[in-house]
**Q** 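Below: one structure in structure tokens.
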Amino acid sequence: MPRLVVVIGRADTTLRQFSQYWETFRQEDDPKKSPAIAALAGDAVDSRYH
């Protein structure tokens, strides 16, 4: 399986924009935290240690 490489120069800005989007469009039964934010935040932390 090929790897996907994502480069984000301003992660804080990107995560803030995802958060604002999620607050606007989140449905009642959706998780409170955006899955995109959870995935990117986890990968950002992981990449520092690999």
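Positions are given from 1 along the sequence. Just so you know, these numbers come straight off a predicted model, no measurement behind them.
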**Q** Quick check: closest heavy atoms across Arg26 and Asp30, and the distance to 0.1 Å?
**A** NH1-O, 3.1 Å
**Q** Does anything in residues 4-14 pair up under salt bridge (Lys or Arg N to Asp or Glu O under 4.0 Å), and if so which pairs, sequence neighbours excluded?
**A** Arg10-Asp12
**Q** Quick one: are Trp22 and Pro35 in side-chain contact, heavy atoms under 4.5 Å?
**A** yes
**Q** Mind checking what makes salt bridge (charged side-chain N to carboxylate O under 4.0 Å, His left out) contact with Asp29, not counting sequence neighbours?
**A** none
**Q** Suppose we screen for side-chain contact (heavy atoms from CB on, under 4.5 Å). Which residues come up paired with Leu15, at least two apart in sequence or across chains?
**A** Ile37, Leu40
**Q** Once you round to the nearest 0.5 Å, how far does OG1 of Thr13 lie from CZ of Arg16?
**A** 5.0 Å
